[in-house]
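In what follows, chains carry the letters A, B, and so on, assigned in the order in which the sequence lines appear, proteins first and then strands, with residues in each chain numbered from 1. What you see below is based on every heavy atom in this structure, not just the backbone, and it leaves out hydrogens, waters and symmetry mates. All values reported here derive from a predicted model rather than from experimental measurement.
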Protein chains: 2
Amino acid sequence: MKKARILIVDDEEDLCEILKFNLEGEGFEVDEAYSAEDAITKRLDKYDLLLLDVMMGKMSGFKLAEKIRKERGSTIPIIFLTAKDTKNDTLTGFSIGADDYISKPFSIKEVVARVNAVLNRTTGKYAGEQIINVEGMEFDLNKKKLIIDNKSIYLTRKEFEILQLLIENQGRIFSREEVLNYVCKYETVVTTRTVDVNIARIRKKMGKYGKFVRSRTGYGYYFDIQ
Amino acid sequence: MKKARILIVDDEEDLCEILKFNLEGEGFEVDEAYSAEDAITKRLDKYDLLLLDVMMGKMSGFKLAEKIRKERGSTIPIIFLTAKDTKNDTLTGFSIGADDYISKPFSIKEVVARVNAVLNRTTGKYAGEQIINVEGMEFDLNKKKLIIDNKSIYLTRKEFEILQLLIENQGRIFSREEVLNYVCKYETVVTTRTVDVNIARIRKKMGKYGKFVRSRTGYGYYFDIQ
DNA sequence: AACGTTTGTAACAATTTTGTAGCAAACCTG
DNA sequence: CAGGTTTGCTACAAAATTGTTACAAACGTT
C-alpha cells in the first residue's frame with residue numbers, strides 16, 4: 001500500500017521534528033515547512049494531508065488554509081494545531097468534522113490517531129492505494145490492472161489472480177495444481193493445462209515484462225525478475 | 001446557486017475562525033462579529049442565518065436575539081451555541097425563537113449539518129455547495145443532481161449513491177456486492193443484478209458521459225475518464 | 001385509494017472470459 | 001541425438017458475465 005504523504009507547517013521546529021519522527025514511525029511520509037510562506041512554495045498536491053499550526057509568524061494557519069482552498073481549489077484534508085487557549089478550553093471539544101482540530105499540548109498518540117482517522121474518512125475506506133511495484137511495472141490491486149510505460153494493461157480476473165499469486169510470492173514456484181487451487185477454489189474441476197494458457201495470455205499482455213513469468217519444467221510457474 | 005450568508009457572533013475568535021473556515025469550505029459566505037454590540041452595527045438583513053454564542057461579554061446571545069426579533073421584527077433563523085447544556089438555557093433559547101441549539105463542545109460536522117438543516121427548513125433554497133467537477137460535468141452532492149451542458153440531470157437516491165461511490169473513488173473497481181453493501185446497507189437482501197440495472201439507468205441519464213461508468217467483466221464497475 | 005416515481009426481477013441478447021484440443025517447440029534423460 | 005515428456009501457442013467452443021428491456025412491486029404524495 002502506498003504511504004500517505006503529510007506536510008507539517010509549524011514555526012516550532014522542534015515540534016515539527018517530533019511530529020515528523022513519530023508519523024514516519026507510523027509509516028507516513030512526512031515533509032516540513034516552518035512558515036506559511038514556505039509552505040506555499042511547495043507543490044501541495046503532492047500531499048494527502050496538511051497539519052497546520054494556527055499561530056504562526058505573519059500568516060496564520062487559517063489564512064494559509066483559506067488560500068489553499070480558495071486559490072488552488074484544493075480539497076486536501078487539513079488538521080489544525082493550536083495552542084490551548086486557557087480562557088476557553090471549549091476548543092478542545094472540536095474533534096470530528098470535515099477537518100480536525102487538535103489543541104496543544106497534545107499527545108503524539110492523539111495526533112497519529114487523528115491523522116489516521118482523517119485519512120480514513122477523507123480518502124474513504126476504499127481509497128487506500130494498493131500498488132505493487134516491480135521493475136518499473138505497477139500492479140494495481142484496486143484497479144485490477146497493470147501500468148507499463150504509462151499504459152494501462154487490463155487483466156481478466158483469472159489472469160490477475162494468477163499473476164497476483166506469483167508476484168506476491170516472488171521466486172516461489174507453484175505447480176499447476178496449486179495455481180488452479182488458488183484461482184478456482186470452489187469451481188468445477190478443470191484441466192491443469194488451462195494454467196498454461198492463462199500464463200501465456202498474461203505473458204502476452206505484459207509485453208517486455210512477460211519474461212519475468214517463468215516456468216520450470218516439471219515444477220510449474222513462478223515470477224522472478226533476475 | 002446563491003450562496004447562503006451566515007453571520008457568526010462569538011467572542012472566541014479562534015472558534016469563529018474555525019467555524020468560518022469550515023462553513024466556507026461547505027460553500028457558505030461567512031462573516032464574523034466578536035461581540036453582540038459589534039453584530040448590532042451590521043446590516044443583519046444581509047444574512048440568511050445567525051450563529052450566536054449565548055455567553056458573550058456584556059450582552060448575551062439571548063439578549064441580542066431578542067433585540068433582533070423584537071426591535072427589528074426580523075425572522076432570520078438563529079442557531080445558538082452554548083457552553084452550558086442546562087434545561088433553563090435551552091428553554092430560554094427556544095422561547096425567543098431559536099431554530100436550533102448546539103451545545104459546546106460540538107463537532108464541526110454537527111454544526112455544518114445543523115446549518116444545512118435549518119437553512120433547508122427555513123428557506124428551502126439554500127445549501128452549502130458541494131460540487132465535484134469531472135470533465136466538465138458537475139456532480140452536486142447537495143442537490144443530488146448532475147449538471148451536464150447547463151442542464152440539470154436528476155438522479156434518484158440509489159442512482160446518486162452508486163455514482164457518488166464510483167466517482168469519489170475514481171478508477172477503483174467495486175464488485176456488485178460492494179456496491180450493494182454501500183447503497184443498501186440495512187435493507188433487505190436483493191439480487192446483485194439490480195446493480196446492473198441501476199448502472200444502466202445512470203449511464204442513460206449521463207448521456208455522453210455515461211461511457212465513463214465502466215465495467216470489467218468478472219470484477220464489477222468503476223468510474224474513469226480515460 | 002389513486003397516482004406518479006423509484007426500485008427490483010426476470011428474461012433474453014450481446015459480449016467477454018475461460019477451457020479444451022491439437023500441434024509445434026523446448027526440455028530432459030539416457 | 002533420439003525419444004518421451006513438458007511447455008507454448010492458436011483457434012474454436014463452452015461458459016460466464018454484462019447490457020437491455022419490459023414489467024411488477026414498493027414507496028411517497030395527494
Do the side chains of [Y] and [X] get nearer than 4.5 Å, heavy atoms only?
X         : Y         : result
Val134(A) : Phe139(A) : no
Asp31(B)  : Arg5(B)   : no
Met206(B) : Met137(B) : yes
Val30(B)  : Leu19(B)  : no

Heavy-atom donor-acceptor pair, Asp224(B) side chain to Gly171(B) backbone, under 3.5 Å
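Such a contact is absent between Asp224(B) side chain and Gly171(B) backbone.
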Grab the [atom1]-[atom2] distance between [X] and [N] for me, whole Å please.
X         : N       : atom1 : atom2 : result
Ile173(A) : dT7(D)  : CD1   : C1'   : 14 Å
Tyr154(A) : dT17(C) : OH    : P     : 12 Å
Arg201(B) : dT9(C)  : CZ    : P     : 11 Å
Leu163(B) : dT6(C)  : CG    : P     : 16 Å
Leu155(B) : dT7(C)  : CG    : P     : 10 Å
Phe160(B) : dT7(C)  : CZ    : C1'   : 18 Å

Relative orientation of the end axes in the helix from dA1(C)-dT30(D) to dG30(C)-dC1(D), expressed as an angle to the nearest 10° (five pairs per end)
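If I round to tens, the end axes sit 50° apart.
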Side chain to side chain contact (heavy atoms under 4.5 Å, CB included) partner of Phe160(A), the single match among Leu165(A), Asp140(A), Ile202(A), Leu141(A)
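So, applying the side chain to side chain contact (heavy atoms under 4.5 Å, CB included) to Phe160(A) and each of Leu165(A), Asp140(A), Ile202(A), Leu141(A), only Leu141(A) qualifies.
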Margin query: Taking side chain to side chain contact (heavy atoms under 4.5 Å, CB included) as the criterion, tell me which of Glu32(B), Glu29(B), Lys42(B) meets it with Leu7(B).
Written below: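 Single side chain to side chain contact (heavy atoms under 4.5 Å, CB included) partner of Leu7(B) among Glu32(B), Glu29(B), Lys42(B): Lys42(B).
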Output a table of donor-acceptor pairs, distance under 3.5 Å, between side-chain atoms of residues 147-154 of chain A and any protein atom two or more places apart or on a different chain; print 'none' if there are none.
{"unit_1": "Asp149(A)", "atom_1": "OD1", "unit_2": "Lys208(A)", "atom_2": "NZ", "d": "3.3"}
{"unit_1": "Asp149(A)", "atom_1": "OD2", "unit_2": "Lys208(A)", "atom_2": "NZ", "d": "3.3"}
{"unit_1": "Ser152(A)", "atom_1": "OG", "unit_2": "Lys145(A)", "atom_2": "NZ", "d": "3.0"}

Original post:
What pairs meet the salt bridge (Lys or Arg N to Asp or Glu O under 4.0 Å) rule with one or both residues in residues 162-176 of chain A, with sequence neighbours excluded?
Top reply: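 Output for this query lists Arg172(A)-Glu178(A), Arg176(A)-Asp196(A).
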Are any protein N/O atoms closer than 3.5 Å to N/O atoms in nucleotides 17-19 of chain D? If there are, list each pair with its distance.
{"unit_1": "dT17(D)", "atom_1": "O3'", "unit_2": "Gly218(B)", "atom_2": "N", "d": "3.0"}
{"unit_1": "dT18(D)", "atom_1": "OP1", "unit_2": "Arg176(B)", "atom_2": "NH2", "d": "3.1"}
{"unit_1": "dT18(D)", "atom_1": "OP1", "unit_2": "Arg216(B)", "atom_2": "O", "d": "3.0"}
{"unit_1": "dT18(D)", "atom_1": "OP1", "unit_2": "Gly218(B)", "atom_2": "N", "d": "2.8"}
{"unit_1": "dT18(D)", "atom_1": "OP2", "unit_2": "Arg176(B)", "atom_2": "NE", "d": "3.2"}
{"unit_1": "dT18(D)", "atom_1": "OP2", "unit_2": "Arg176(B)", "atom_2": "NH2", "d": "2.2"}
{"unit_1": "dT18(D)", "atom_1": "O5'", "unit_2": "Arg176(B)", "atom_2": "NH2", "d": "2.9"}
{"unit_1": "dT18(D)", "atom_1": "O3'", "unit_2": "Ser215(B)", "atom_2": "OG", "d": "3.3"}
{"unit_1": "dG19(D)", "atom_1": "OP1", "unit_2": "Arg203(B)", "atom_2": "NH1", "d": "2.9"}
{"unit_1": "dG19(D)", "atom_1": "OP1", "unit_2": "Arg203(B)", "atom_2": "NH2", "d": "3.2"}
{"unit_1": "dG19(D)", "atom_1": "OP1", "unit_2": "Ser215(B)", "atom_2": "OG", "d": "3.2"}
{"unit_1": "dG19(D)", "atom_1": "OP2", "unit_2": "Tyr221(B)", "atom_2": "OH", "d": "2.6"}
{"unit_1": "dG19(D)", "atom_1": "N7", "unit_2": "Arg193(B)", "atom_2": "NH2", "d": "2.9"}
{"unit_1": "dG19(D)", "atom_1": "O6", "unit_2": "Arg193(B)", "atom_2": "NH2", "d": "3.1"}

**Report entry** Nearest-nucleotide comparison on DNA chain C, the residue closer to the 5′ end among Asn198(B) and Lys205(A)
**Finding:**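 Nearest-nucleotide comparison on DNA chain C picks Asn198(B).
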Is the phosphate of dA16(D) approached by Lys158(A) (side-chain N or O, under 4.0 Å from OP1 or OP2)?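 Answer no for this pair, as no side-chain N or O of Lys158(A) is under 4.0 Å from OP1 or OP2.
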Sequence-distant partners of Arg214(B), salt bridge (charged side-chain N to carboxylate O under 4.0 Å, His left out), two or more places apart:
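Testing Arg214(B) for salt bridge (charged side-chain N to carboxylate O under 4.0 Å, His left out), a comparison that skips the adjacent residues, returns none.
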For the pair Phe212(B) and Phe223(B), evaluate side chain to side chain contact (heavy atoms under 4.5 Å, CB included) and give the outcome as yes or no after the intermediate values.
-> CA-CA 6 Å; Phe212(B) 296 143; Phe223(B) 183 94; 3.7 Å; yes
Pick out the pairs of N or O atoms, protein on one side and nucleotides 25-30 of chain D on the other, that lie under 3.5 Å.
none

